[in-house]
**Student:** 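Before we start, here is the structure in question, set down as structure tokens.
Residues take their numbers from the sequence shown, with the count starting at 1. The shown structure was predicted, so the numbers you read here are calculated from the model rather than taken from an experiment.
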Amino acid sequence: MSLQPCDSLWRASAPAAPTLNALDQDLDVDVAIVGGGFTGLSAALHLAKFGVSVALVEAAEVGFGGSGRNVGLANAGLWLEPDDLDRQLGAEAGRALYDALAVAPDYVYGLIEEYGIECEATRNGTLHCGVGKAGLTQLQRRCEQMQRRGAPVELLNTADAQARIGSEKFNSALFDPRAGTIQPLGYARGLAHAAVKEGAQLFDQSPVESITPEGEGWIVKTATGSLKAQRVILATNAYGEYGVKDQARKFVPIFYSQLATKPLTPEQLDVILPNKEGCWDTCTVMSSFRLDQQGRLVFGGMGGEKHYHASWASQRVKELWPVLQKVEWEFSWTGKIAYSEDHLPHCQQLQRGLFSVAGYSGRGIGPGTIMGKELAEWFTDRRDSLSAPMTTLRDIPLREVKRMFYEVGAHTYHVGQRTHVIG
């Protein structure tokens, strides 16, 4: 293997972000945003578009967190099954959130077209790939629930699924034509360009030191500057450091690692995902796989231990696609996912004028974009409420124990699967 252990394919291939500077002055704006990922950038873009003065501070660089490290599947809907969503929120609220996120890919790809965002946008759908009897049952259940709500999804039989995936290790696949793939860091940087174009002020390399109330508004302080604002949006998701640590305790951070091969040969690409759908499987310890536009196979799985993950991924890829008996990894990287206890995104109004949005459970592209837009619409009286729950979350008890449970489970799974084939 010829790995560059800390190098992300997305950072190596994304177009440049806008040239930004650290916050080195004291600004007075209507809305301050902490976090330069999908949610924060979408909120900044839409607020500026609506004529609201807005400034965003990012601790590192635009897209540094999960937004620039994820798989790049622009999915419709949520991680939860639709009936579970209704049970948790009630039928009316559940349907409102489902409907808002069902059209998320339309909105994402619409923004990409409107602002000319270079992010390898490929809208050929996604495949949720069935493993074993339990996997098939899960996909049958999801398909029925989604079709009942009007989704144009299709459950592929074994022959069709294997032909679309290029592997005999799956017995079914749920195809969603609404979805697709993007280069996620390219999309985040494109949103930043769009936000700047609309008049938002963006600052990077500006970790927040404190957020304190002042009068009827707030002061967001960094080492070299401050933002005074009537409203503040905390949009840090699983990267809840730098002045917003209290919010990190309301979600369990789960590590997710990915590797990318060197570009595959034309013969290999004729077999492996010939239609270039983005994929993930039904295993408890989920895996994902997709192609980039240069023909690299991007393979990911839960867990952050790179040595075991790379070894397992090499073995698993050979099992899935025998044409890849020699796997050459070119890039490897890890990010964090924020899981809420109910697996739903939440917008919390922590105090008057102070909001926190997080908890996408691995589906940040569509929901993050939509939540940022909805916040901007809500702040400007263009909508009466948000689609996401507005409940104030409690700190998750034994949060570190739960994080270790996921990590140890992923590690155990990866070690075990190096010697066992999943069929």
Side-chain angles (χ1 to χ4, degrees), residues 10 37-39 42 66-82 84-85 94 97-112 119-130 138-139 141-143 145-147 149-156 164-165 173-188 191 237 254 256 258 273 275-283 286-292 298 300-302 335 337-340 343-345 358-374 387-388:
W10 307 140
F38 299 137
T39 304
S42 175
S67 294
R69 299 169 188 255
N70 68 51
V71 180
L73 304 185
N75 278 307
L78 286 162
W79 183 83
L80 276 181
E81 294 181 20
D84 289 338
L85 177 62
L97 180 55
Y98 177 88
D99 288 347
L101 299 184
V103 297
D106 287 340
Y107 199 76
V108 168
Y109 286 100
L111 284 178
I112 290 169
C119 61
E120 301 188 13
T122 304
R123 199 173 185 184
N124 290 351
T126 53
L127 296 170
H128 193 177
C129 306
Q138 179 191 154
L139 294 186
R141 189 171 61 241
R142 285 182 179 271
C143 184
Q145 293 176 22
M146 294 169 74
Q147 287 180 343
R149 289 164 175 81
V153 296
E154 177 187 0
L155 185 61
L156 304 182
R164 295 276 278 272
I165 300 165
L174 184 60
F175 174 62
D176 190 339
R178 300 170 296 177
T181 61
I182 61 173
Q183 211 277 29
L185 183 56
Y187 177 59
L191 289 177
N237 206 34
I254 308 299
Y256 196 88
Q258 295 182 81
L273 299 175
N275 297 327
K276 295 183 171 57
E277 300 98 340
C279 305
W280 73 104
D281 64 28
T282 59
C283 295
M286 187 194 77
S287 302
S288 61
F289 41 95
R290 56 161 295 190
L291 298 169
D292 76 347
V298 183
M302 294 175 66
I337 298 169
Y339 272 91
S340 57
H343 300 295
L344 293 176
Y360 299 122
S361 300
R363 288 206 174 188
I365 295 172
T369 303
I370 293 296
M371 289 302 109
K373 176 182 79 78
E374 286 195 359
S387 299

**Student:** Is it the case that Y360 and T39 place a side-chain donor and acceptor less than 3.5 Å from each other?
**Tutor:** yes
**Student:** Quick one: does I370's side chain get under 4.5 Å of Y107's, heavy atoms only?
**Tutor:** yes
**Student:** What are the two closest heavy atoms between P177 and P152, and how far apart are they?
**Tutor:** CD-O, 3.2 Å
**Student:** How close do C129 and I165 get, heavy atom to heavy atom, and via which atoms?
**Tutor:** SG-CD1, 3.5 Å
**Student:** Measure the shortest side-chain to side-chain distance between M146 and L174 over non-hydrogen atoms and say whether it is less than 4.5 angstrom.
**Tutor:** yes
**Student:** Any non-hydrogen side-chain atom of V71 less than 4.5 Å from a side-chain atom of Y256?
**Tutor:** yes
**Student:** Any sub-3.5 Å donor-acceptor pair from Q258's side-chain atoms to R69's backbone N or O?
**Tutor:** yes
**Student:** How many angstroms lie between atom CG of N275 and atom OG1 of T122, to the nearest 0.5 angstrom?
**Tutor:** 12.0 Å
**Student:** Between I337 and N237, does the side-chain contact (heavy atoms from CB on, under 4.5 Å) criterion hold? Intermediate values first, please.
**Tutor:** CA-CA 8 Å; I337 298 169; N237 206 34; over 6 Å; no
**Student:** Please list, chain by chain and in numerical order, all residues satisfying side chain to side chain donor-acceptor pair (under 3.5 Å) with W280, sequence neighbours excluded.
**Tutor:** H128
**Student:** State the CH2-CD1 distance between W10 and I182, to the nearest 0.5 angstrom.
**Tutor:** 9.0 Å
**Student:** With rounding to the nearest 0.5 Å, note down the distance linking OH in Y187 to CD1 in I365.
**Tutor:** 8.0 Å
**Student:** Taking all non-hydrogen atoms of both residues into account, name the closest pair between A76 and A102 and its distance.
**Tutor:** CB-O, 3.5 Å
**Student:** For the residue pair A121 and Y109, what are the closest heavy atoms and their distance?
**Tutor:** CB-CE2, 3.8 Å
**Student:** Go through it in stages, so that I can follow the logic: the residues are K276 and L291, the test is side-chain contact (heavy atoms from CB on, under 4.5 Å), and I'd like the CA-CA distance, side-chain angles, deciding distance and then a yes or no.
**Tutor:** CA-CA 6 Å; K276 295 183 171 57; L291 298 169; 4.0 Å; yes
**Student:** So, does D84 use its side chain to make a donor-acceptor pair with the main chain of L80 at under 3.5 Å?
**Tutor:** no
**Student:** Which atom names give the shortest non-hydrogen contact between P345 and A388, and what distance separates them?
**Tutor:** O-CB, 3.9 Å
**Student:** Do R164 and L127 pass the side-chain contact (heavy atoms from CB on, under 4.5 Å) test, and can you show the C-alpha distance, the side-chain angles, and the key distance before you say yes or no?
**Tutor:** CA-CA 9 Å; R164 295 276 278 272; L127 296 170; 3.9 Å; yes
**Student:** Would you say the side chain of F38 lies within less than 4.5 Å of the side chain of P367, judging by non-hydrogen atoms?
**Tutor:** no
**Student:** Between D176 and R142, is the closest basic N to carboxylate O distance under 4.0 Å?
**Tutor:** no
**Student:** Taking E120 for its side chain and D292 for its backbone only, find out whether a donor-acceptor pair lies under 3.5 Å.
**Tutor:** no
**Student:** Does a side-chain heavy-atom distance below 4.5 Å link L185 with S67?
**Tutor:** no
**Student:** State, to 0.1 Å, how close G278 and L73 come at their nearest heavy-atom pair, and which atoms those are.
**Tutor:** CA-CD2, 3.6 Å
**Student:** Is the backbone N or O of S287 less than 3.5 Å from a side-chain atom of D281, with the two atoms forming a donor-acceptor pair by type?
**Tutor:** yes
**Student:** Do side-chain atoms of S42 reach the backbone of T369 as a donor and acceptor pair under 3.5 angstrom?
**Tutor:** yes
**Student:** Measure the spacing between OG1 of T181 and CG of N75 and express it to the nearest 0.5 Å.
**Tutor:** 10.5 Å
**Student:** Roughly how far, to the nearest 0.5 Å, is the CG atom of N70 from the CZ atom of R363?
**Tutor:** 12.0 Å
**Student:** Backbone N or O of R178 within a donor-acceptor pair of the R123 side chain at under 3.5 Å?
**Tutor:** yes
**Student:** Check the pair C279 / L273 against side-chain contact (heavy atoms from CB on, under 4.5 Å), numbers first and verdict last.
**Tutor:** CA-CA 9 Å; C279 305; L273 299 175; 3.4 Å; yes
**Student:** Nearest 0.5 Å please: distance from the OG atom of S387 over to the CG atom of L101.
**Tutor:** 7.0 Å
